[in-house]
Engineer: 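Here it is: the structure, laid out below.
Predicted, not measured: the structure shown is a model, and the values here were computed from it.
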Amino acid sequence: MDAATRTTNTVLNKLMRRDGNSADACTLWGMLHIRIIRCNNLRNLDRLGIRAFGKNPDKSDPYVTAYLEDYRLLKTRHIDDDLDPKFDEDFYCPVGHSTKGITFRVSDKDLLLDQSLGKYFLPVKELVQFVDEKDIEADSSLVAGDLKRVGLHKVVYLEANDSSLKKDLKRVIKLDKKKAHGTLEFFVEFIPVRMLAKTMEVPGTYFAQTKGNSVKLYMNADDDESSPEVKFGDGNVWKPPRLWRDIYDAVCNAKHFVYMVGWSIDTDQYLLRGDELKQAQDSGEYNPQIGPLLKQKAEEGVRVNLMQWDDYSSGIMFPGMMKTYDEKTRRYFRNSPVNAAFMNMIGGETNTLLEGQSKKMAFTHHQKFIIVDSPKTNGQGRELLAFIGGIDLTEGRWDNQKHPLFRTLQSDHKGDTYGKCFRTSKENGPRQPWHDIHSAVRGPETVHLIQAFEERWRKQADDTQLFDFKGTGFLDEVELENSGGWCAQLSRSIDSRVNEFDRSKVQSFKPINIDSYDWSAVKDHTAKSSRKYDTVRDKIVQYGRCLDQKKGRLVDTSIHNTNIHHIRRAKHSIYIESQYFMGSSFMWSKDSDVKCSNMIASELTLKICEKIAAREPFTVYILLPMWMEGIPAAAATQGLLHWQRVTIEAMHQKVKKALDDRMANSSDYGLKVSDYLNFYCLGTRETEQGSEATGNPETEDEKVLSKTRRHQIYIHSKIMIVDDEVVLIGTANINQRSLDGCRDSEIMMTSWQPDHVATKDSIPTGDIHAFRIHIWAAITNQMDDAFRNPSSPECVKAFNQIAEQNWQKYIGEETVEMDSHLLPSPFEFDGEKLRARKGLKDGCFSDTKASVLGKQSLIFPEIFLT
């Protein structure tokens, strides 16, 4: 084993080990493919623990779960009244965990409380096997210490899970104790990360990649080109497109249909502002106001279908906890030719009435995309055009990189003065500045967006209202291909309760033939039978299905899997913007049983630590809100900040361990977490000059802010850029709600230019590279050449210096003009834990009495906050 490999394996095992984990724990980084095959001779707990005989007796209703400590890998459907259930369910589980092993649990589904039928523990070391000298003799390209791909197929004896079950044994017919709880047959294989696909296309997902697309990348609802010029590639200059202007033009130009999906859609908002708004109004053609515009198109005979989340808490007299205007929009389009459908989330079939109602209220349809028919860019015929990303067509979203606070209250933002971070009025302000990201696509990928729209519509609305595409040619992917040169791949978070998946795809699912593997019998006293295989070859991972499953329900978790896939592919840098950042509870120092187990934080941590061990430069930049939307001292906001803080703290602690290990075993010194991992936010201030505030400050917040004249710029975007070669843009935040698949519904499009790919030594200089630099130039108001190489120490230093200089302006006593908005996060790492950044009074955000670090909520369950 060479030094680099030895160091990498050692570091990864050390850093992911939780306090209290013994040396028996190993880090599994890669994927577990698990098949739950069947159980036999289970005990019957529906008949007082006595094995039932006779015709159609009431029997146990078994299901199987599997865990890595507190982290649940899978849950099968339950099978009614069967002591010999056959499941045959496959699960493809990404892992990045320090674990002692997999615990399989067989349980009996009951109305009030499920009971244990038995368990089996599989030690992790049965799945961890290294390349050795014998392997290298057979293939000199192998590296000693690399992990092998290992599979196990077992029929195991279940053991008692708790003391009550052991007591029940006294009442059953006397049997061999080893066989008293029945058997479980399963297959499991561990595929290490080095042996998984590194392709741009994510394998095993519902939507395959498409080629021949054109993609546009948008920053904010409007981009006024006031940012410093960005030159890239071979003398190119980035020309920023304007989202709401383009959406207005697209809807105006639609001749056949408009499909619109939103979390919130406000019919009163204007897609155009300023002179453009006046020109459109004076022309007497299409109204730039969203509601009237859609009605106009529908009255022309264009099929207009709108899907909006139905906030379960809203009603005639109450706008709802989220104030998404669903009732207002419903009333506006009632008795109009616009087909407006309002859809809420649905609780699980196994939920109690209270659980079902609370899930309807807590979880949302969060997707945001628009599809229209459009003239082709060459003017010959028509094609599909789609918009997808984080920006809702609702109040407060229209903004540009200037992010005014008081200066547009009576002009561009009149009737659109939005703010949820303080108690302020529309007359006095300030408004809440908004930073967001979106994208548009022409080409074959639009067909997948049509499919995503119609699958939801068919499940929760009237499918006779869908547009009839027959004879239009709009769904012909070959005809839709263009010379744009982009590839794209759609992904979602959604399940079969609210989505009608393609039956032909579902019917094509079939288990992988595991008998084709090169098995060897293994002696195992805990098993009725056991066999094993291992390989050092990079065999292609076969996927028997393109959807996950939970409790027998079909679930699309491809957004989560896509994020993981591209983080693992990363060579140089990752740039992220997200409204929330929490997850990987399995690596928290406490509360590891919280159901916030998405793996984004752990994958970023593992990638950084892998690069540290290999002594390769690598940087992760993460832009978050200063605090989540809401009054910062409120219990919900403080709870959100708490779970975000423990996530980020765990990342810092593990990266620090990796750096300490490297410095202890090399001549390197002075390395800091901030050389590799940094968190930021945005903020702005403006003087009284040009203010359009018209009232006298009344609330305490208005009185304070009228003097300090500062506000965070709210980060609502959901974007990840990896190595400047691939960009992921959609509606999913980095939290469990967005990535679970069974909570909020989400959608995301991954895009890349095949002619612009990263190598081991360089990043590409295509449109994605230019777009990232454009964002950075806009939020810093400067074009620093160091931005061109984000993994370089020079870039990290320059970015952090700009942020620190702006921080001093933001927290300072003097009210100043800020045209550079990048700030460091309001917390910092002291080598052991996170603390409030220096300069903040009593550890609170400026102009508030709210803790930067948050506080665990006693009111709101973590499932609602994470």
Engineer: Apply the salt bridge (Lys or Arg N to Asp or Glu O under 4.0 Å) test between R431 and each candidate in D399, D416, D412; give the one that qualifies.
Structural biologist: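 For R431, the salt bridge (Lys or Arg N to Asp or Glu O under 4.0 Å) check succeeds only for D399.
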
Engineer: Quick one: do K402 and D224 make a salt bridge, cutoff under 4.0 Å?
Structural biologist: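 Result for this pair is yes, salt bridge flagged.
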
Engineer: Hey, is the main chain of G262 close enough, under 3.5 Å, to the side chain of Q308 for a donor-acceptor pair?
Structural biologist: no

Engineer: Which residue, H716, H711, H403, H413, forms the ring-ring contact (aromatic ring centres under 6.0 Å, His included) with W434?
Structural biologist: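 The residue from H716, H711, H403, H413 that satisfies ring-ring contact (aromatic ring centres under 6.0 Å, His included) with W434 turns out to be H716.
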
Engineer: Ring of Y206, cation from R492 - is the NZ or CZ under 6.0 Å from the centre and inside 45° of the axis?
Structural biologist: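 Yes, cation above the ring, under 6.0 Å and within 45°.
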
Engineer: Calculate, to the nearest 0.5 Å, the distance between atoms CG and CZ belonging to L384 and F474 respectively.
Structural biologist: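 Going from CG on L384 over to CZ on F474, the span is 6.0 Å.
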
Engineer: Under 3.5 Å, is there a donor-acceptor pair between the side chain of Q753 and the main chain of D767?
Structural biologist: yes

Engineer: With distance as the sole criterion, is a donor-acceptor pair present between the side chains of S738 and N735 under 3.5 Å?
Structural biologist: yes

Engineer: What closest approach, in Å, do D436 and S717 show between heavy atoms, and which atom pair accounts for it?
Structural biologist: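 D436 and S717 have their closest heavy atoms at OD1-CA, 3.2 Å.
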
Engineer: Minimum heavy-atom separation for S792 to A786, with atom names?
Structural biologist: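 Closest approach of S792 to A786: OG-O, 4.4 Å.
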
Engineer: Which value, rounded to the nearest 0.5 Å, describes the distance between S578 atom OG and L624 atom CG?
Structural biologist: 6.5 Å

Engineer: Using the ring pair (Phe, Tyr, Trp, His ring centres under 6.0 Å) rule, take F469 and F257 through it: C-alpha gap first, then chi angles, then the decisive distance, then the call.
Structural biologist: CA-CA 10 Å; F469 285 94; F257 78 97; 5.1 Å; yes

Engineer: Please examine the side chains of I290 and D266, heavy atoms only from C-beta on, and report whether any two atoms are closer than 4.5 Å.
Structural biologist: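 The answer is no, as the side chains (C-beta and beyond) never meet within the 4.5 Å cut-off.
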
Engineer: Is the shortest heavy-atom distance from the side chain of F387 to the side chain of L393 under 4.5 Å?
Structural biologist: no

Engineer: Side chain to side chain contact (heavy atoms under 4.5 Å, CB included) with M748: which of I719, I729, I388, T562?
Structural biologist: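 Single side chain to side chain contact (heavy atoms under 4.5 Å, CB included) partner of M748 among I719, I729, I388, T562: T562.
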
Engineer: Has the side chain of Y680 got a donor or acceptor atom that lies under 3.5 Å from a matching backbone atom of F799?
Structural biologist: no

Engineer: Count the heavy atoms of every other residue, nucleotide or ligand shown that sit under 6.0 Å from CG of N378, and state whether that count exceeds 12.
Structural biologist: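 Atom CG in N378 is packed in, count exceeds 12.
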
Engineer: Examine the side chains of E445 and T210 and answer whether a donor and an acceptor come within less than 3.5 Å of each other.
Structural biologist: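 On atom types as modelled, these side chains qualify, holding a pair under 3.5 Å.
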
Engineer: Between K211 and C487, what is the shortest heavy-atom contact and its length?
Structural biologist: CG-SG, 3.7 Å

Engineer: Between Y270 and W398, does the ring pair (Phe, Tyr, Trp, His ring centres under 6.0 Å) criterion hold? Intermediate values first, please.
Structural biologist: CA-CA 9 Å; Y270 289 92; W398 191 93; over 10 Å; no

Engineer: Let me confirm one number: the OG1-NZ distance from T759 to K571, rounded to the nearest 0.5 Å.
Structural biologist: 7.5 Å

Engineer: For a quick test of reading the model, state the closest non-hydrogen atom pair linking S264 to T394 and the distance between them.
Structural biologist: OG-OG1, 2.9 Å

Engineer: For the residue pair Q367 and S745, confirm or rule out a side-chain donor-acceptor distance under 3.5 Å.
Structural biologist: no

Engineer: Could you check whether R242 pairs with D246 (Lys NZ or Arg NE/NH1/NH2 to Asp/Glu carboxylate O, under 4.0 Å)?
Structural biologist: no

Engineer: Grab the two heavy atoms, one from Y575 and one from I775, that are nearest each other, plus how far apart they are.
Structural biologist: OH-CG2, 3.8 Å

Engineer: Please name the pair of heavy atoms, one in H560 and one in I600, separated by the smallest distance, quoted to 0.1 Å.
Structural biologist: CD2-CD1, 4.0 Å

Engineer: For T205 and S558, does a side-chain donor sit closer than 3.5 Å to a side-chain acceptor?
Structural biologist: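 No, because no side-chain N or O of T205 sits under 3.5 Å from a partner of the opposite role on S558.
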
Engineer: Does NZ or CZ of K505 lie under 6.0 Å from the centre of the six-membered ring of F207, at an angle within 45° of the ring axis?
Structural biologist: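 Verdict for F207: a cation-pi partner in K505.
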
Engineer: Considering only NZ, NE, NH1 and NH2 on the basic side and carboxylate oxygens on the acidic side, decide whether D373 and K255 come within less than 4.0 Å.
Structural biologist: no

Engineer: Is the closest side-chain heavy-atom distance between H365 and M345 below 4.5 Å?
Structural biologist: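 Touching, per the 4.5 Å side-chain cut-off.
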
Engineer: For the pair K297 (side chain) and V304 (backbone), establish whether a donor and an acceptor sit closer than 3.5 Å, ignoring hydrogens and angles.
Structural biologist: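 No; zero donor-acceptor contacts below 3.5 Å.
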
Engineer: Donor-acceptor pair, distance only, cut-off 3.5 Å: does the side chain of H435 make one with the backbone of Y714?
Structural biologist: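 Not confirmed, H435 side chain does not pair with Y714 backbone.
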
Engineer: Can a cation-pi geometry be assigned to R397 and Y418, taking NZ or CZ under 6.0 Å from the six-membered ring centre and within 45° of the ring axis?
Structural biologist: yes

Engineer: Test D744 against every option in K718, K368, R737 by the salt bridge (Lys or Arg N to Asp or Glu O under 4.0 Å) rule and name the one that passes.
Structural biologist: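 Only one option passes, and that is R737.
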
Engineer: Does some side-chain heavy atom of F342 sit less than 4.5 Å from a side-chain heavy atom of T329?
Structural biologist: yes

Engineer: Is the backbone of V441 close enough, under 3.5 Å, to the side chain of N213 for a donor and an acceptor to pair up by distance?
Structural biologist: no

Engineer: Would you check, one step at a time, whether the test ring pair (Phe, Tyr, Trp, His ring centres under 6.0 Å) holds for F232 with H769?
Structural biologist: CA-CA 8 Å; F232 68 104; H769 171 74; 7.4 Å; no

Engineer: I need the single residue from E603, E725, E201 that forms a salt bridge (Lys or Arg N to Asp or Glu O under 4.0 Å) with R569. Which is it?
Structural biologist: E725

Engineer: More than 12 heavy atoms of other residues, nucleotides or ligands under 6.0 Å from NZ of K198: yes or no?
Structural biologist: yes

Engineer: Could you grab the distance from atom CE of M582 to atom CG of L640, nearest 0.5 Å is fine?
Structural biologist: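 Taking CE in M582 and CG in L640, the distance rounds to 5.0 Å.
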
Engineer: Is there a side-chain contact between T267 and Y325, using heavy atoms and a 4.5 Å cut-off?
Structural biologist: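 Heavy-atom side-chain distance check fails, nothing below 4.5 Å.
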
Engineer: Rounded to the nearest 0.5 Å, how far does CE of M260 lie from CD1 of I265?
Structural biologist: 6.0 Å

Engineer: Is the shortest heavy-atom distance from the side chain of M720 to the side chain of I567 under 4.5 Å?
Structural biologist: yes

Engineer: Can you find a heavy atom in the side chain of I494 that is under 4.5 Å from one in the side chain of D556?
Structural biologist: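 Yes, their side chains come closer than 4.5 Å.
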
Engineer: Does the pair N400 and N220 meet the rule for a side-chain hydrogen bond (donor to acceptor under 3.5 Å, both in side chains), with working shown?
Structural biologist: CA-CA 6 Å; N400 54 38; N220 299 322; over 6 Å; no

Engineer: Determine, step by step, whether Q489 and T750 satisfy the side-chain hydrogen bond (donor to acceptor under 3.5 Å, both in side chains) criterion, reporting the C-alpha distance in whole Å, the side-chain angles of both residues, the deciding distance to 0.1 Å, and the verdict.
Structural biologist: CA-CA 5 Å; Q489 186 172 20; T750 303; 5.9 Å; no

Engineer: Do any N or O atoms from the side chain of Q296 and from the backbone of E285 form a donor-acceptor pair under 3.5 angstrom?
Structural biologist: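 It does hold such a pair.
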
Engineer: Would E276 and Y248 count as having a side-chain donor-acceptor pair, cut-off 3.5 Å?
Structural biologist: no

Engineer: Which residue is it: F467, W457, F453? I am looking for the one with a ring-ring contact (aromatic ring centres under 6.0 Å, His included) to Y259.
Structural biologist: F453

Engineer: Assess, by modelled atom type and distance only, whether the side chains of D223 and H774 contain a donor and an acceptor separated by less than 3.5 Å.
Structural biologist: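 D223 vs H774: donor-acceptor pair found between side chains.
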
Engineer: What is the distance from atom CG of D724 to atom CZ of R772, rounded to the nearest 0.5 Å?
Structural biologist: 4.0 Å

Engineer: So among V251, I247, V258, which one has a side chain to side chain contact (heavy atoms under 4.5 Å, CB included) with L293?
Structural biologist: V251

Engineer: Any non-hydrogen side-chain atom of H256 less than 4.5 Å from a side-chain atom of R303?
Structural biologist: no

